[in-house]
Amino acid sequence: YFSEKGDEYKIEQIQDLEDGTISFYNQGSFTDLCRGPHLQSSESIKAIKLLSIAGAYWRGDEKRKQLTRVYGISFPKKTMLDEYLVLLEEAKKRDHRKIGKELQLFTFSQKVGQGLPLWLPKGAKLRERLENFLKKVQKDYGYEPVITPHIGQKELYVTSGHYEKYGKDSFQPIKTPSENEEFLLKPMNCPHHCEIYKSSRKTFRDLPVRLAEFGTVYRYEQSGELHGLTRVRGFTQDDAHIFCRPDQLKEEFIKVIDIVLTIFKALSFSDFTTQISLRDPEDKEKYIGSDENWEKSEIAIIEACDEKGLDTFVELGEAAFYGPKLDFMVKDALGREWQLGTIQVDYNLPERFELEYIGSDDKRHRPVMIHRAPFGSLERFVAVMIEHTAGKFPLWLTPDQVVILPVSEKYVDYAKKVFNFLNNSDIRTLIDDRDEKVGKKIRDNELKKIPYLLIVGEKEVEGNTVSIRRQGEGDQGSMTLEDFASFIHKEVELQIQL
RNA sequence: GCCGAUGUAGCUCAGUUGGUCAGAGCAGCUGAUUUGUAAUCAGCAGGCCGUGGGUUCGAAUCCCUCCAUCGGCUCCA
């Protein structure tokens, strides 16, 4: 049938079918090779809209021909289609690239290069607050901060195995002029941390060693893959490596899950999925390390997730080349999935770097390594955070917490007094003293997503109060200055309470 | 990297088949106004139409190169 039709693609599919049963489905005059089912009838297809077209490799293989895929959607009613299109428009408004520009958080420059984000002052401070928050959590969990350089000798990555796996496809080595040494921009922090581990002798009593660093790394991502802040060529991981005894592995893994969940909770991230990424059993050559170690680490992850009662799903073939991992996945405004937090068990690097500790038996043993990054990268985390909150960050994190709007020029002096008081109380405050009507100032500052707008005029001056307007929620009545300050402090405390 | 699309003032966008096509709104600046919970009025200023070539008497407009962005694919240590 398909030969007569001249449909070479269907023929190829049929040739690869193994089960021996081939079914056809009909829809009017349209006959298709399909496992089924098709629609019962086409009557529910009433409102149709073609959304986009895109290239797609035949059978997902980039070495094969690329076909044009047409994307469209249909609904049984026109009104439903219209609603959907409105929803789509709304989702686009939450795009972190748009909001990031509007709120002056970050930018890109053609001259600096693609995929290399530039953090603007407001974005940098927001990021700093996230870092400090995590540093505090990690301190409580026994992590020790370390700092490592942005480059490392090529040999470092030959030892780690990364050079063999990614060397030719990655940024090329930097060569020193006279000694002809070769350095690579670091694409990950683990090899550096392994060398820190090795810098002193460890005994079983020293473990676990938990080394943490906000490490900026550079990866040569394919140009077509770059996407706002979610996929970039230079980014900062909230990285840490835990070196522990095999008997500590599960406990340590569980503690890391706790950190991730703590952070997600503090940031009201409830909408995530957890994915266990295992090795593809059909294609073991893709991975390094012994079968025994792979099995041990895969079991450790699965057991840890069971013990924490995580609702996980397993993906075969999604593991890193050196070990299985547990990923926390979150969707962006348009429903695209991104990996945020990641926890990975690794038996390979300790072996390649010949890491050791002296056991209670006075013999040399090999530690196990856990790679973990609760945010994944600060870039991606901020991006997803923007899309989830539509730029309305929690009070403790948001760049500007309060803006004071004097009703007219006459009240600017009082506004300044309020400004000084709040700033001295560590509340990030602005004044909008432009020569505009209050309505205009309210509108502009609402659009800037500043959580609290304080309107001050004659009444407020008299009572030494401020009139409070909560972003998106309208007038909230008035309060004295002192009450307002402690009200803000309380809200912040509640939010970052662990 | 691949397929397709896009690139005009700080931002969002108009510019019909190449011929007063350098335009608007917002933002900015200046002035007037002194404002009470989502846009006061008027004036002014802003652009090598992404880059480099080409076609043409004439290019924002047509062709090619490169750069960047967007939607997918592939990839994601």
Side-chain angles (χ1 to χ4, degrees), chain A residues 51-71 92 95 97-98 101-102 104 107-115 157 160-167 169-170 186-191 217-228 230-233 235 237 277 287-288 318-323 325 327 334 336 338-339 342 344 346 348-349 371 376-377 380 405-412 433-448 453-460 467-478:
Chain A
L51 297 172
S52 65
I53 57 171
Y57 295 110
W58 172 235
R59 310 195 102 179
D61 184 347
E62 72 173 318
K63 294 197 178 64
R64 304 200 60 179
K65 207 163 157 182
Q66 197 160 50
L67 310 180
T68 301
R69 182 180 290 168
V70 181
Y71 290 81
K92 282 185 187 157
D95 193 310
R97 293 165 294 194
K98 185 176 152 62
K101 186 187 261 181
E102 287 166 357
Q104 297 171 26
T107 188
F108 288 90
S109 147
Q110 277 199 27
K111 251 190 190 135
V112 171
Q114 57 179 169
Y157 302 103
S160 71
H162 290 103
Y163 189 79
E164 193 195 342
K165 184 88 181 169
Y166 295 100
D169 306 323
S170 199
K186 73 173 170 189
M188 76 291 300
N189 305 298
C190 12
V217 297
Y218 299 91
R219 296 178 182 178
Y220 182 77
E221 305 290 9
Q222 297 186 76
S223 60
E225 252 312 323
L226 299 172
H227 182 98
T230 46
R231 191 80 184 271
V232 287
R233 285 180 169 169
F235 57 96
Q237 296 178 309
S277 299
Y287 310 92
I288 58 175
E318 289 294 312
F321 74 93
Y322 51 74
K325 53 182 185 167
D327 290 326
L334 290 175
R336 293 175 290 216
W338 297 97
Q339 177 218 99
T342 181
Q344 313 180 0
D346 187 351
N348 288 298
L349 279 186
H371 309 246
S377 81
R380 186 177 287 178
L405 315 181
V407 165
S408 85
E409 203 180 294
K410 285 185 254 172
Y411 310 108
V412 171
D433 58 0
R434 292 175 305 161
D435 180 12
E436 295 287 352
K437 293 180 134 179
V438 195
K440 168 76 165 170
K441 292 188 192 180
I442 287 173
R443 180 183 156 77
D444 288 349
N445 288 291
E446 285 267 344
L447 291 174
K448 285 192 201 160
L453 283 64
L454 302 184
I455 288 111
V456 297
E458 197 180 346
K459 280 182 280 179
E460 288 72 25
S467 188
I468 300 157
R469 186 186 164 99
R470 170 92 213 187
Q471 202 271 353
E473 291 168 29
D475 196 351
Q476 309 283 304
S478 65

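The sequence lines fix the lettering, A, B, ..., with proteins before strands; numbering per chain opens at 1. Source: prediction; values computed, not measured.
Look at CD on A:Glu409: it is 15 Å from P on B:G36, rounded to the nearest Å. In this entry the distance linking CD of A:Glu221 with P of B:C73 reads 16 Å, nearest Å. Remark: C1' of B:C3 and CH2 of A:Trp58 are 16 Å apart, rounded to the nearest angstrom. For the pair A:Asn445 CG and B:G36 P, the computed distance is 17 Å after rounding to whole Å.
Close to B:C2, at under 4.0 Å from its OP1 or OP2, lies no side-chain N or O of A:Arg64. At least one side-chain nitrogen or oxygen of A:Lys440 sits closer than 4.0 Å to the OP1 or OP2 atom of B:A27. For the pair A:Arg434 and B:A27, the criterion of a side-chain N or O lying under 4.0 Å from OP1 or OP2 is not met. Close to B:G72, at under 4.0 Å from its OP1 or OP2, lies no side-chain N or O of A:His227. For the OP1/OP2 pair of B:U37 and a distance below 4.0 Å, the side-chain nitrogens and oxygens of A:Arg443 include no atom meeting the criterion.
A:His371 comes within 4.0 angstrom of no nucleic acid atom, judged by non-hydrogen atoms across all strands. Note on A:Ser160: nothing from the nucleic acid sits closer than 4.0 angstrom, heavy atoms only. Among the protein residues, A:Gly457 comes within range of the nucleic acid bases, having at least one heavy atom under 4.0 Å from a base atom. As judged by a 4.0 angstrom heavy-atom cut-off over every strand, A:Lys325 is placed among residues touching the sugar-phosphate backbone only. Note on A:Lys165: nothing from the nucleic acid sits closer than 4.0 angstrom, heavy atoms only. Within the nucleic acid shown, A:Tyr322 comes within 4.0 Å of sugar-phosphate atoms alone, with no base atom in reach, counting heavy atoms only. Base engagement by A:Glu458 is indicated by at least one non-hydrogen atom pair under 4.0 Å involving a base atom. Among the atoms of the strands shown, none is found under 4.0 Å from any heavy atom of A:Lys441. Contact annotation for A:Arg336: backbone-only contact, meaning every heavy-atom pair under 4.0 Å involves sugar-phosphate atoms and none involves a base. Among the protein residues, A:Gly161 comes within range of no part of the nucleic acid, since none of its heavy atoms lies under 4.0 Å from any strand. At the heavy-atom level, A:Glu164 lies nowhere under 4.0 Å from the strands shown. At the heavy-atom level, A:Ser52 lies under 4.0 Å from the strands shown only through sugar-phosphate atoms. No engagement by A:Gln339 is indicated, since no non-hydrogen atom pair under 4.0 Å with the nucleic acid exists. Across all strands shown, A:Val438 has heavy atoms under 4.0 Å from sugar-phosphate atoms exclusively, and none from any base.
Glycosidic conformation of B:G46: syn, with the torsion inside 90° of 0.
Searching all strands for a Watson-Crick or G-U wobble partner of B:U6 with both distances below 3.5 Å returns B:A68. With a cut-off of 3.5 Å on both pairing distances, the Watson-Crick or G-U wobble partner of B:G43 is B:C29.
No aromatic stack links A:Phe321 and the base of B:A77, using centre distance under 5.5 Å and interplanar angle under 30°.
Residue A:Glu446 is the one, among A:Arg231 and A:Glu446, whose nearest nucleotide of RNA chain B lies closer to the 5' end (criterion: closest heavy atom).
In terms of polar N and O atoms assigned as donor or acceptor, the side chain of A:Glu62 never comes within less than 3.5 Å of the base of B:C73 in a complementary pairing.
Listed nucleotides: B:G1, B:U37, B:C76. Nearest to the side chain of A:Tyr57: B:G1. Distances were taken from every side-chain heavy atom of A:Tyr71 (C-beta onward) to each of B:A77, B:G1, B:G72; the shortest belongs to B:G72. Here the side chain of A:Tyr166 is nearest to one of B:U37, B:G72, B:C76, namely B:C76.
Applying the salt bridge (Lys or Arg N to Asp or Glu O under 4.0 Å) criterion to A:Glu446, with sequence neighbours excluded, gives A:Arg469.
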Using a cut-off of under 3.5 Å, enumerate the N/O to N/O pairs linking the protein to nucleotides 65-67 of chain B.
{"residue": "B:C67", "atom": "O2'", "partner": "A:Gln110", "partner atom": "OE1", "Å": "3.3"}

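We find that A:Arg470 and A:Asp475 are not joined by a salt bridge, their nearest charged nitrogen and carboxylate oxygen being 4.0 Å or further apart.
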